[in-house]
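Worksheet: the structure to be examined is printed underneath.
In this chain, residues are counted from 1 in sequence order.
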Amino acid sequence: MEEHRLLENLTTCSQCIKLTMVVPRECRMDADMLAGRLKQMFDRELFKDLCRGCPLENPQE
């Protein structure tokens, strides 16, 4: 059995990039814990260059 978690609004993309995590039942962390960790990485700008230069990037961010 798997648990799916949809993550939205983590990037500055004007088209609202959506990430879907599929967490296997055997994983020690639940989907909420993993989603929180991923959000922290975006907040710390560890993925800062992910959308840089993309024409869909929101210029106001």
key: In one Ile/Leu/Val/Met/Phe/Trp/Tyr side-chain cluster, 4.5 Å: L56, I17   =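 Not linked; separate clusters.
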Euclidean distance, [Y] [atom2] relative to [X] [atom1], rounded to 0.5 Å:
X	Y	atom1	atom2	result
R25	E3	CZ	CD	12.0 Å
K39	N9	NZ	CG	9.5 Å
Q15	C54	CD	SG	9.0 Å

message = Test side chain to side chain contact (heavy atoms under 4.5 Å, CB included) on L7 and L38; report intermediate values, then the result.
response = CA-CA 9 Å; L7 303 172; L38 187 59; 3.1 Å; yes
ask   = Does the side chain of R5 come within less than 4.5 Å of D32's, by heavy atoms?
value =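 In short, these two side chains touch, coming nearer than 4.5 Å.
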ask   = Between M21 and L34, which heavy-atom pair has the shortest distance, and what is it?
value =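 In terms of heavy atoms, the two residues are closest at CE-CB, 3.6 Å.
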